[in-house]
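Okay, so here's the structure we're looking at.
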Amino acid sequence: MVYQGSAGRHGRAWGTNNNVKKYQIALLSIAALGALGWLVDTGISTTFEHRLSTQLEDSFNLEVEPAVYIGGFPYLLAAATGDIPMMSSEVLDVDVPGFGMMNSRTELRTIEVTPEQVFSGDYTGADVEIAKRTLRLDGVALGAQLGITDLDITNPKDISPQASPQAQAQLKGTPVGFDQPVVVLVDLRIHNAEITMRPVSIIDSPDMEQAQDPESVRTKIMNSFTWSVDSRDLPLLKQASQVVCGGGSIFISSELRQVQFRPELLSPVGVR
């Protein structure tokens, strides 16, 4: 049996503690570098988002600054991968002549970029796989088209926020000349460039039930909830390709494929 003096035991303990401290310092250094990198990366992407937002506001005389988002984290990774997975721009309450207020959202998917474009924030000319613009009409916006001030829109199959969009909508409102609200089911369709909304059934109408001539009241209801619009008159990327109901609103959208980036693509009010 070999005797180990107190100095030897203390020396080994000191060496172990020293190694632990070095390990902790290394971890803290890595964490600090990671945090610094995150701050730098976030700062760069936020700067470019704000620049695009301001450019859109100034170029198209928008009343509010669009909310622009550049996807992908870390942002600077795009310099190595060669693409930004997504960009989006959203504006609430866009005043569309002849239609009133709408909400507009534009999404660009898979933007192929060079390292120079990543570091400069100028993506002009970059190839974009898909550009999609969606207009959202809530009860107020659609009600203004129908002349119904208390219009309510719901998904006819599932009113939960997670419900799948439907090509039908349930509408409830009081048409001009009626004393009580009417509930109808409508079909949403696109024929060529025209968007149509037509009732397929009347779910509830106290006025019709109490009328001496229910058929004439039925005709008034069908006419009151019928609507159509040429989608080429809407601020879409091209004529509409989809119209659905979801989350208490009507969504109208169009897509472009294989286009080149220009800031106007993210504008809520144009580009054809």
Side-chain angles (χ1 to χ4, degrees), residues 56-57 60 62-69 88-107 132-176 178 180-190 193-205 221-237 239-255 266-270:
L56 293 172
E57 182 184 17
F60 296 93
L62 303 177
E63 293 184 4
V64 294
E65 192 174 279
V68 174
Y69 171 72
S88 68
S89 171
E90 187 165 5
V91 181
L92 304 181
D93 294 333
V94 178
D95 191 3
V96 180
F99 297 94
M101 295 296 183
M102 297 182 181
N103 296 337
S104 174
R105 176 178 175 83
T106 305
E107 287 189 10
K132 180 178 182 179
R133 179 171 300 152
T134 301
L135 301 177
R136 180 169 72 88
L137 285 77
D138 59 15
V140 174
L142 183 59
Q145 297 298 305
L146 301 175
I148 299 175
T149 57
D150 61 345
L151 188 69
D152 182 63
I153 305 171
T154 56
N155 186 314
K157 295 185 178 180
D158 187 351
I159 62 172
S160 68
Q162 295 79 23
S164 299
Q166 300 292 324
Q168 289 185 321
Q170 181 173 296
L171 306 182
K172 179 180 180 180
T174 310
V176 175
F178 282 68
Q180 299 182 66
V182 177
V183 181
V184 299
L185 181 68
V186 298
D187 274 343
L188 304 170
R189 296 288 184 267
I190 299 176
E194 185 179 42
I195 298 168
T196 61
M197 183 182 77
R198 302 191 187 285
V200 292
S201 65
I202 299 173
I203 298 173
D204 183 43
S205 174
I221 292 173
M222 301 298 277
N223 291 337
S224 295
F225 287 93
T226 296
W227 179 67
S228 65
V229 63
D230 189 331
S231 65
R232 292 170 295 190
D233 294 332
L234 298 173
L236 295 164
L237 297 174
Q239 68 185 52
S241 56
Q242 184 183 53
V243 55
V244 294
C245 171
S249 297
I250 303 298
F251 294 88
I252 303 170
S253 60
S254 66
E255 283 189 4
L266 290 172
S267 164
V269 293

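Note that the numbering runs from 1 along the sequence shown for the chain.
Between Gly246 and Phe251 the shortest heavy-atom distance is O-CE1, 2.9 Å. Heavy atoms only, all atoms of each residue included: Val94 and Ser104 are closest at CG2-CB, 4.1 Å. Taking all atoms of both residues into account, the shortest heavy-atom contact from Leu188 to Ala169 is CD1-CB, 4.4 Å. The shortest non-hydrogen separation linking Ala240 to Ile195 is CB-CD1, 3.9 Å. The shortest non-hydrogen separation linking Ser241 to Ile190 is C-CD1, 3.5 Å.
Between Val200 and Gln168 the shortest side-chain heavy-atom distance falls below 4.5 Å. Contact annotation: the side chain of Leu142 approaches that of Met197 to within less than 4.5 Å [non-hydrogen atoms, C-beta and beyond]. Put simply, the side chain of Leu236 reaches to within 4.5 Å of the side chain of Ile252, judged on heavy atoms. With a 4.5 Å cut-off on side-chain heavy atoms, Ser89 and Leu56 count as touching. Within the 4.5 Å cutoff, the side chain of Thr226 has heavy atoms near those of the Pro199 side chain.
Listed for the Asn155 side chain is a donor-acceptor partner under 3.5 Å among the backbone atoms of Ser164. Asp150 places a side-chain N or O within 3.5 Å of a backbone atom of Thr174 that can act as its donor or acceptor partner. Formation of a donor-acceptor pair under 3.5 Å by the Asn103 side chain with backbone atoms of Asp93 is found in this model. Side chain of Ser231 to backbone of Ala193: a donor-acceptor contact under 3.5 angstrom is found.
Phe225 contributes atom CZ, which lies 9.0 Å from atom CD1 of Ile202 (distance to the nearest 0.5 angstrom). The CD atom of Gln145 lies 11.0 Å from the CG atom of Leu151; values are rounded to the nearest 0.5 Å. Rounding to the nearest 0.5 angstrom, the gap separating the CG atom in Leu171 from the OG atom in Ser224 is 11.5 Å. Atom NZ of Lys172 and atom CD1 of Ile203 lie 11.0 Å apart (nearest 0.5 Å). Note: Gln242 CD to Thr134 OG1 = 7.5 Å, rounded to the nearest 0.5 Å. Interatomic distance, CD1 of Ile148 versus CH2 of Trp227, reported as 12.5 Å (0.5 Å rounding).
Contacts of Thr106 classified as side chain to side chain donor-acceptor pair (under 3.5 Å), with partners at least two apart in sequence or in another chain: Arg133. For Ser249, the side chain to side chain donor-acceptor pair (under 3.5 Å) partners two or more places apart in sequence, or in a different chain, are Arg136. Residues passing the side chain to side chain donor-acceptor pair (under 3.5 Å) test with Arg105, sequence neighbours excluded: Glu90, Glu107. Residues passing the salt bridge (charged side-chain N to carboxylate O under 4.0 Å, His left out) test with Asp187, sequence neighbours excluded: Arg189. Residues that satisfy the salt bridge (charged side-chain N to carboxylate O under 4.0 Å, His left out) test with Arg198, not counting sequence neighbours, are absent from this structure. When the side chain to side chain donor-acceptor pair (under 3.5 Å) test is applied to Glu57, no partner is found at least two apart in sequence or on another chain.
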Pair Asp95, Met101 - check side-chain contact (heavy atoms from CB on, under 4.5 Å), show working. CA-CA 5 Å; Asp95 191 3; Met101 295 296 183; 3.9 Å; yes

Stepwise side-chain contact (heavy atoms from CB on, under 4.5 Å) check, Ile250 with Ile153: CA-CA 8 Å; Ile250 303 298; Ile153 305 171; 4.1 Å; yes

